[in-house]
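Inspection log for the structure reproduced underneath, given as C-alpha cells.
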2 protein chains.
Amino acid sequence: MISKKTKYGLKALIHVARLGYQERVHIAAIAEKESIPRKFLESIMLELRKAGYLASRKGKGGGYYLLKKPDKISISEIYRLLEGPIAPVPCVSLNFYEKCEDCDDEAKCTIHLLMVQVRDRILSIYNNTFISDLIN
Amino acid sequence: MISKKTKYGLKALIHVARLGYQERVHIAAIAEKESIPRKFLESIMLELRKAGYLASRKGKGGGYYLLKKPDKISISEIYRLLEGPIAPVPCVSLNFYEKCEDCDDEAKCTIHLLMVQVRDRILSIYNNTFISDLIN
DNA sequence: CATAATCCTATAAAATCTATGGGATTAAAA
DNA sequence: TTTTAATCCCATAGATTTTATAGGATTATG
C-alpha cells in the first residue's frame, strides 16, 4: 500500500499539470479541490519543488506551477521521491538496495525470485507511465 | 514494501513445506535456520495454524507440520492473511475495499486506473504462484 | 512427575505516518 | 510605505503500525 503522502503528491502534481503553461495555482486551492490537508500538502509541494518538478512564486499572486514537462515525469520518479523503494523487499530494490539480515545467500532465498518478478511488473508500469498520461 | 511478518511467514511456510509428509519441526529450529526472532515467529505460526495451513502437536516431540497441500496454497492467500490488502490503495482492493475520503467519484480519479493496473499485475503473480513453486 | 514443546494474552519499544503550529520571508497591490 | 497574501521553514505532536518480548498456561511424552 502506498502512503497518503505519495497519493496526495501524485494527485497534486497532476492537478498542476492540467493547468495552462506557467499558470499558477495556490496550495490552498489544490488542498480544497483534492481534499488534501493544507499543511500536509504544503510540505509535499515543497519536496516536489526542491526536486525540480515544480516551481513557485511567493507573495500575493504567487503559487505553484509545473517546471518539468509532464511527459518527462515518470511515476517511478515521483514514487521514489515521496514513497521510497518500489520493490516489495529491500534486497531486490534497484535504487534503495539493502541486504537482508536473515539471508546469507540471496541466490538460495526461497522468495527472492518471486520478489524480483513483482518488482519488475510494478516497474514496467511505473517506468512507462508519465504524468502526461494521467492528465485526461 | 511487505512487512517482515509476511516475509517471515512465507519463508517459514516454505520451510515446513519442504519436509516430508507429516514430518514435524520445532519453531525454534525454523527460527534458527531462517534467522527469525523466535517469539515473533511463534505468533506467526499460530496465525498460519488458525487459518488452516499448518497443524501442530504440543509437548515433547511436538512441532508443526503442513496441513494443506503446498500446491493448493497460493501466495495471495498468505499475503492477505499476514499483510492485508495486495492492492496499492484501498479503493482498488478486491478483498479489503475502502472508499477514499478524498475522492467523490472513482471514475474521475486521476490515479484510479493506474492503481487498478498495478493491482492486477501483482495479483497475476501472487494468484498463480503457490508454495509448491517455491520449494525448489 | 520431569521435561519439552506449543498456546495465549498482554504489553512494550521502535519506527513510521499523518499531520499541525507558528513565525519568517517574499512579492504584489493599495 | 503599509497592508495583504502567498510560500518557506523548522519543530513537534498525535496516531498508527510494526516488531517484537515476557511470562505463564496448557498439553503431550516418556
Next item on the list: First locate atom SG of Cys100(A), then atom CE of Met115(A), and finally report the distance between them rounded to the nearest 0.5 Å.
Entry: 10.5 Å
Margin query: Applying a 4.0 Å non-hydrogen cut-off, can you work out what Lys7(B) is touching in the nucleic acid: base, sugar-phosphate, or nothing?
Written below: nothing
Next item on the list: Under 4.0 Å from any atom of DNA chain D, heavy atoms only: list the residues of residues 24-34 of chain A that qualify, in numerical order.
Entry: His26(A), Ile27(A)
Notebook entry, point to check: In residues 52-64 of chain B, which residues come under 4.0 Å of DNA chain D by heavy atom?
Noted result: Arg57(B), Lys58(B), Gly59(B), Lys60(B)
Review item, side-chain donor-acceptor pairs of residues 32-41 of chain A, under 3.5 Å, at least two apart:
residue	atom	partner	partner atom	Å
Glu34(A)	OE2	His15(A)	ND1	2.7

For residues 80-94 of chain B, please give each side-chain donor-acceptor pair under 3.5 Å, one per line with the distance, not counting sequence neighbours.
residue	atom	partner	partner atom	Å
Glu83(B)	OE1	Ser3(B)	N	3.0
Glu83(B)	OE1	Ser3(B)	OG	2.7
Glu83(B)	OE1	Thr6(B)	OG1	2.4
Glu83(B)	OE2	Ser3(B)	N	3.3
Ser93(B)	OG	Asn95(B)	N	3.4
Ser93(B)	OG	Phe96(B)	N	2.8

Check: Quick one: salt bridge (charged side-chain N to carboxylate O under 4.0 Å, His left out) pairs with a partner in residues 53-75 of chain B, sequence neighbours left out?
Finding: Lys68(B)-Glu77(B)
Next item on the list: For the helix from dC1(C)-dG30(D) to dA30(C)-dT1(D), measure the angle between the helix axis at one end and the axis at the other, each built from five pairs, rounding to 10°.
Entry: 0°
Next item on the list: Please collect all salt bridge (charged side-chain N to carboxylate O under 4.0 Å, His left out) contacts where either partner lies in residues 118-130 of chain B, sequence neighbours excluded, each pair once.
Entry: none
Notebook entry, point to check: Rounded to whole angstroms, how far apart are CG on Leu46(B) and P on dT27(D)?
Noted result: 14 Å
Check: In Å, rounded to the nearest 0.5 Å, how long is the span from CG of Leu10(B) to CD1 of Ile44(B)?
Finding: 10.0 Å
Check: Given Lys4(B) and Asp102(A), is the salt bridge (Lys or Arg N to Asp or Glu O under 4.0 Å) satisfied, shown in steps?
Finding: CA-CA 10 Å; Lys4(B) 291 193 173 181; Asp102(A) 57 308; over 6 Å; no
Notebook entry, point to check: Tyr126(B): what forms a ring-ring contact (aromatic ring centres under 6.0 Å, His included) with it, not counting sequence neighbours?
Noted result: Tyr79(B)
Note to self: According to ring-ring contact (aromatic ring centres under 6.0 Å, His included), does anything in residues 58-77 of chain A pair up with another residue at least two apart or in another chain? List the pairs.
What the structure shows: none
Name the atoms and distances for all side-chain donor-acceptor pairs under 3.5 Å in residues 129-136 of chain B, with sequence neighbours left out.
residue	atom	partner	partner atom	Å
Thr129(B)	OG1	Ile125(B)	O	2.9
Asp133(B)	OD2	Phe130(B)	N	2.8

Note to self: Nearest 0.5 angstrom please: Ser76(A) OG to Asn128(A) CG, how far?
What the structure shows: 8.0 Å
Notebook entry, point to check: Which nucleotides of nucleotides 12-21 of chain C have their base under 4.0 Å from a protein heavy atom (B), which only their sugar-phosphate (S), and which neither (-), written as one string 5' to 3'?
Noted result: ------SBBB
Item checked: Strand contacts (DNA chain D) in residues 91-105 of chain B, 4.0 angstrom heavy-atom criterion -> none
Item checked: Integer-rounded Å distance: dT18(D) C1' and Ile44(B) CD1 -> 11 Å
Item checked: Gap between atoms CD and P, on Glu47(A) and dC8(D) respectively (whole Å) -> 13 Å
Next item on the list: With rounding to the nearest 0.5 Å, note down the distance linking NZ in Lys5(A) to CD in Glu47(A).
Entry: 4.0 Å
Next item on the list: For Tyr65(B) and dT6(C), give me the distance from atom OH to atom P, rounded to whole Å.
Entry: 13 Å
